[in-house]
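One structure is given below, encoded as structure tokens.
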Amino acid sequence: MSEFKLRLRRYDPESGSAPYWAEYSVDLEGHRSVLEGILQAKGETDGSIGIRCSCRAAICGSCGVLINGKTALACHTHLDKAARHAKDGVIEVEPMSNMPVIKDLIVDMDAVHWKKQQRVTPWLINKEPIPEREYIAPHESMVDITQSMACIQCGACVSSCLSMEIDPLFVGPAALAKAYRFVGDPRDAQQYERLKDLAEDPHGMYDCTHCFNCIEACPKGVAPMNQIMRLRRVAGDHEIVDRNNGHRHESAFVTLVKDYGLLHEAELLPRSYGGDSWFGKFHPNAGKELLDSLPVVVKGLMRRKMNPKIALFGHKLPKDALGEVQRIFDTVESRPARDELNLYIKGYDEDDSGAQDSGAGGPEHANNAPDQGQPGQEPEESPVR
Amino acid sequence: MPAHDVLIIGAGLAGQRAALAAADAGATVAIMSKVHPVRSHSVAAAGGINAALNPEDTWESHAFDTVKGSDYLGDQDAIEIMAREAPEEILHLEHIGVTFHRNEHGQLGTRAFGGASQARTYYVADITGQAILHVLYEQLMKYSNQVDRLEEWFTTSLIQDEDGTCVGCIARDIRSGAMEVFTAKNVILASGGCGQAFKPTTNGLIVTGDGISQAYRIGAPLMDMEMVQYHPTCLVENGFLITEGARGEGAHLLNGDGERFMEKYAPNKLELASRDVVSRAEQTEIDEGRGAGPDGVGIYLDVTVVPKKRTLEALREIVNIGKDFAGVDITREPILIRPGQHYIMGGVRTDADGATPVPGLYAAGEVACVSVHGGNRLGANSLLDTLIFGKRAGTHAAERARAMAMPTPKAAEAKRREDVEEIDAIIARPKTGRRISSIKEELGESMNRHCAVFREEDGLRQGLEIVKHLQEEAKTAYIDDRGTVFNQDVLGAIELGYMLDCAEATVVSAIERKESRGAQFRTDFPERNDDEWLKHINVTTNGGDDPAISYSPVTITKWQPEERKY
């Protein structure tokens, strides 16, 4: 047992006074969760502390909070780790962001999270005719969407989303991950319509800025940002050209990296608007967009964020490096199907031999099994779990 | 005043399935829950759902396995219904979007589970309950014009007509503190079990026996309450559940000597014997000094024998639980587990349409006792139970509603005022009694000591004394929160009362059953005694303080009781 100090953000809507901090000491082992700490304070010291919770095991999704400023499930964060990351050793717990606070650590999920879920038509629209038995669906596609099915609707990604902070109307990571669950489902009849809808919405799938916050915050490895990237790629497959120019921007980006080995920033904008080729910049749309962006360009030059030479001619890579980059493209593009594998499929080590024979001799033997990489730590698309 | 044909209390699998079925049958429906529906504890069901859907499987085989698993205490007519309707329900779930595991041909694939003679468990990785719960909620969002959702409303009482018919409930809006009367032609309880009366338990903090107690208080009988399931694989650390799917995928159980001890207890089925058998075997090993881990209080669950790729694909959730809550990588080393309270087979007595003996009151899911699980529930039969009997209750209640006028309960307003006063009184209690949390703690520990895997008369009597004593203390237990918005403190005090009711009925029934059957193992009566005890024990309030006991017969259709061996 050791003592941990918690500093909770308290707010009583009936008091008429502003939110305040209150400190509690709890006595628990370090690997116990912050939730258990809060529940001890609630049980033994002050029963009026408000927090939603139930399962204690990161399944029900009730206890999303900010711990030391970062969104997490209280039940899924160890006390000792939280104390180490606290600025003065006192674990700070606040209600989640991007949602109105009701009381203490309880936020209004309906007003934000659930409203956004409703936005993406969150139910299966069946392919007709509905078969008498089950739909025949590839094993991989079911496992693939199981990653977004694993979402427990805790709202951690919503709380951590930087785009939503700027644009509260952004459909957001959780709802877009939910959308992918249908877009990736071979039984759904309206994949095109769903994608078109979310591509055309100015607050839709192209509103994500790839900040990775949602991936970091998600306690279940759903990696919402990756699901958003998938939505975009599948939208590209359907050749959905959206009025937000998201698709053209993405194509231009890829072509530039392929041609130059690195992003050629000055070409990106004209090509996104004028067309995905060297001639793109002569298109009237590109001219207009360039003109509109002139103040930003000038500012960038003045602050030396841009180098006129690189801006005009692009980055120069040695020939063999450029060849390497192009080989990556060749490899990926030569695959018969695009690799959409996710953690559920790919989150294992290539070398399985140690695990398979380690059980026979009981615990001692298993402990001697050759040391392998942690499972789930080398996912192709999820840098953080 | 809100009025509906069908009012459902509880929004886990049984409640949501009932709501969708009742709406489908044309009823006006409201579904009420003290938490957001996706927080319901059905979300924690991991392993899967049973159905004889493969052409080479038969519903009779599923039914027989269930009867045998129940130690012949299950009612065979209800079990037959459940097993017959199971395949259609799986296909329905598949059609509305559940992402069931597929085999290499793209068809539904199965995994093996305890007590089953065939691999007939359909699953979504090890998040089956979550996947189904979330898909049902998708359907509720789809049908939000037909189904009113009352999320974060806490039921305080059921209300009755002069003739005893159940005609609605009183509930508190947790967000505002407002107390309202909800009138309904039918009420379906779907509020789950009472695992929190035990400590440790795999159940969530919300699982406090609300519906069981509310029904009991208006005279509904509770049946098979002595049958408490201890799940064989719960983390020693904190009681969290490790799915039976782990053993279904081939994991072994080892004692402190590294011995695969199930060979002694269930030579054929080994780790996949029924849960009561495995839990007893583990407890015997521990009690006889062959436990594993520090102090020998656990058993090793060795998942390393399962191919790693399979573990990471099909048991990912427990890989995470092992890592996050016990610091163990289950793909590389065994993890310490032991039996822990998981499920109650008993509950409010219903028929196969979910109707309780109280007119207008239905129950489905863990809150109910149909009884399809009898003395011991098979793994992956509980999700099935919630869906089949949730659907049947919803449909039946909608039909009943069609033939009747909306009740106008006279006593409703008085009951509402009574509940408001009770809550005010709890809030006003002086800080002289005990804290709610300390009473709850003592209750849980006592139940786990006296009413667990092995039981005997003296211990049970002590357990009953403690429950009675705590019931007295609960009357003066105080709380801190004086507010109305999200006053979880006062709800905790009410929940404590619910749990104490459930605990009392459980211990009283366990004392009554003087034999060993299913989950009830009496060291003082170690044999099953079909001559005297092949019957259900019912407990009612009987208008007084002490629970009254009565019996009801077990329905036997095809399968005569025989010795149970795995």
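In what follows, every heavy atom counts, from backbone to side chain, and hydrogens, waters and symmetry copies are set aside. Below, chain A is the first sequence line, B the second, and so on; all start at residue 1.
A:H139 and B:N103 share no side-chain donor-acceptor pair at under 3.5 Å. Side-chain atoms of A:E44 and B:S437 include no donor-acceptor pair closer than 3.5 Å.
Taking NE2 from B:H134 and SG from A:C151, the interatomic distance works out to 7.0 Å, rounded to the nearest 0.5 Å. Note: A:M142 CE to B:T99 OG1 = 6.5 Å, rounded to the nearest 0.5 Å. Taking OG1 of A:T146 as the reference point, atom CD of B:E313 lies at 8.5 Å (rounded to 0.5 Å).
Salt bridge status for B:R175 with A:D108: present, with a side-chain N to carboxylate O gap under 4.0 Å. Salt bridge absent: B:E94 and A:R133 never bring a charged side-chain N and a carboxylate O closer than 4.0 Å. Comment: A:R52 engages B:E152 in a salt bridge, judged by a side-chain N to carboxylate O separation of less than 4.0 angstrom. In this structure, A:K103 pairs ionically with B:D481, as a charged nitrogen and a carboxylate oxygen lie closer than 4.0 Å.
In B:K142, the NZ atom is crowded: over 12 heavy atoms of neighbouring residues, nucleotides or ligands sit closer than 6.0 Å. Counting heavy-atom neighbours within 6.0 Å of B:Y478 OH, excluding the residue itself, gives a total above 12. For CD of B:E88, the number of neighbouring non-hydrogen atoms (other residues, nucleotides, ligands) closer than 6.0 Å is 12 at most.
In terms of non-hydrogen atom pairs under 4.5 Å with chain B, the most contact-rich of A:D185, A:I51, A:T77 is A:I51. Chain B forms more heavy-atom pairs under 4.5 Å with one residue of A:C55, A:C154, A:A58, A:A57 than with any other, namely A:A57.
Aromatic ring pairs are classed by plane angle as parallel below 30°, tilted from 30° to 60° and perpendicular above 60°; the pair A:Y135 and B:H95 is perpendicular.
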